[in-house]
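What follows is a short report on a single structure.
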Amino acid sequence: MSEFDTNISSAFDPFAEANAEDSGAGAKDYVHIRVQQRNGRKSLTTVQGLKKEFSYSKILKDLKKEFCCNGTVVQDPELGQVIQLQGDQRKNVSTFLVQAGIVKKDNIKIHGF
C-alpha cells in the first residue's frame, strides 16, 4: 500500500503547464475570439481581451461596417468589455485585428467548434 501512495505523489501533472501560464507574472495578454451557438443555425462571436486604451465603440463600428453584421459592446463584471457580433465571424475578426495593427497574430486565440 505504501508503494502505491508514493507513486501517486510523484505522478505527472498534465495541468502543470496550463497553471503556470495562467500565473500573472509572465502571462501574455491574449485576445480571445469565441463563437457561441444560439438557436439552430444562429451563432454569436465574442471578442475579449483587447487593451483598455482602445475605443471599443470605434472598433465595433468598423467591424459592423466591414462584415455587414450587427453587434454590441457588453460590460461583464469578470471579463470587462466584450464585443459581440452576430454570426460566425472568428476568421474575419482575427484578420481585421491583425491588418488594423490592433493585435499581433501571435496574441490571438480562436476558440469554438
Got a sec, which residues hit side-chain hydrogen bond (donor to acceptor under 3.5 Å, both in side chains) with Gln86, two or more places apart in sequence or on another chain? none

Salt bridge (charged side-chain N to carboxylate O under 4.0 Å, His left out) pairs touching residues 64-81, sequence neighbours excluded, are none

With sequence neighbours excluded, give me every salt bridge (charged side-chain N to carboxylate O under 4.0 Å, His left out) pair touching residues 86-99. Asp88-Arg90

Give a yes or no on whether the backbone of Gln36 and the side-chain of Ser43 come within a donor-acceptor separation of less than 3.5 Å. no

Kindly give the cluster partners of Tyr56, where membership spreads through any ILVMFWY side chain lying under 4.5 Å from a current member. Val31, Ile33, Val47, Leu50, Phe54, Ile59, Leu60, Leu63, Phe67, Val73, Ile83, Leu85, Val93, Phe96, Leu97, Val98, Ile102, Val103, Ile108, Ile110

Please round to the nearest 0.5 Å and tell me the distance separating atom OG of Ser57 and atom CG of Asp62. 10.0 Å

Qualifying salt bridge (charged side-chain N to carboxylate O under 4.0 Å, His left out) pairs, either residue in residues 36-58, two or more places apart: none

Who passes side-chain hydrogen bond (donor to acceptor under 3.5 Å, both in side chains) against Thr95, sequence neighbours left out? none

Can you list the residues that meet the side chain to side chain contact (heavy atoms under 4.5 Å, CB included) rule with His32, with sequence neighbours excluded? Tyr30, Arg34, Gln48, Lys109, His111

Gln89: what forms a side-chain hydrogen bond (donor to acceptor under 3.5 Å, both in side chains) with it, not counting sequence neighbours? Asn92

Once side chain to side chain contact (heavy atoms under 4.5 Å, CB included) is applied, do any residues pair with Gln84, and if so which ones, sequence neighbours excluded? Leu44, Thr46, Thr72, Val74

